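Read the numbers this way: they start at 1 and go in the same order the structure lists the ligands and their atoms. The structure presented is a predicted model; accordingly, all values stated were derived computationally and were not measured.
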Amino acid sequence: MDELLSRLPKTELHVHLEGTISPETLWKMAEVNHVALPVGSLAELRRLYDFKSFDHFIELWLLMCSCLRSDSDFDRMVDGYLAECERHAIRYAELHFTPYNHERLGIGGRRSLEIVTRRFEEAERAGGPVARLIVDIPSEAADESGPYTVRLLEEEANPLVVALGLGGPEAGFPRSRFAAWFARARQAGYPVVAHAGETGGASHVREAVLELGARRIQHGVRAAEDPAVLALLAERSICCDVAVTSNLRLKVVPELSAHPLRRLLDAGVPVTLSTDDPPFFGTDLTGEWELARDRLGLSLAELWELNLNGLRYGLAETGVRRRLFRELERSATAAGIRVARATEEA
Ligand SMILES: [Zn+2]
């Protein structure tokens, strides 16, 4: 691991809390909760993480959600991510979380949100990273998950929840199908973001912006297939939360050299770098930075701009983002990184 990159304080806006569970933790949870896994050993479970398609990925995802059965499972999941923050100096994160799955498979959506919130609040009070939550509608169960999730948000005033999001597969689920629920969430005072332009094309990105009112797009890389969509993102300053290794593993791009990160930047689209589901893709945030620098040709100054975008386009309270801006500024100065616009925004 690159020593300088690993110790620089980082932000990431696109990581799924349930997608941070390692095979080892999942194995333990299944054992304690007597959930039958379709594998006979930890080694086999590790091999299952080496999936072949997006559908296979979603299958493993749901299996994992079904292993989260008790309060302590949720605590363990949060603690796992906090340890990851410690290892990679992650200071600000927006975590996608899907209460609907826990309503259907586990301890209840509202309860799961309460436990996760309490754990992250304790960590923040103790000087740990600042975590905020994006509550996702999983697209694959649209008719039930949409109304459930929006009602939950309308009834809650959770201090960590900063947005409604849209996760799950894109194929067969045009983003416009979710417009009514997104309108309700906006009416209730929530900013909204959406996955688009990953397994679906540039038209999904356009729909997410124009019909859902998305402030940011998770992935969005296939916007590069349509110059008009790239222009739309740039004009409206819609940030794409890119996860390079995830794109490679799920075959959104055939190889690293074909990744459109540079094309997004050249078109003036704001971008952040994230891990998406780190153990699923065998990656971590320092690794994503290394990949962008060593294989996609980003300079350290460019990487740092992407890092600051996590605060510029992040949805935490302004005072919190300003405090973190200052913290990052001090680290950049100490590391000799030229800071272009750190204090101008937020
Ligand atoms: Zn994602």
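- For R177 and D143, the salt-bridge test passes: some basic side-chain N is under 4.0 Å from an acidic carboxylate O.
- Using a 4.5 Å heavy-atom threshold, the side chains of L296 and H259 count as touching.
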ask   = Can you check salt bridge (charged side-chain N to carboxylate O under 4.0 Å, His left out) on D71 and R118, steps first, answer last?
value = CA-CA 11 Å; D71 293 11; R118 191 187 56 216; 5.4 Å; no

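- By the criterion of a separation under 2.8 Å, the protein N/O/S atoms near the Zn ion (ligand 1) amount to H14 NE2, H16 NE2, H195 NE2, D276 OD1.
- Checking H96 against E18 by side-chain atom types alone, no donor-acceptor pair falls below 3.5 Å.
- L315 and V320 are not part of a single hydrophobic cluster, where members link through side-chain heavy atoms under 4.5 Å apart.
- Looking at S139 and L166, their side chains come closer than 4.5 Å, going by heavy atoms from C-beta outward.
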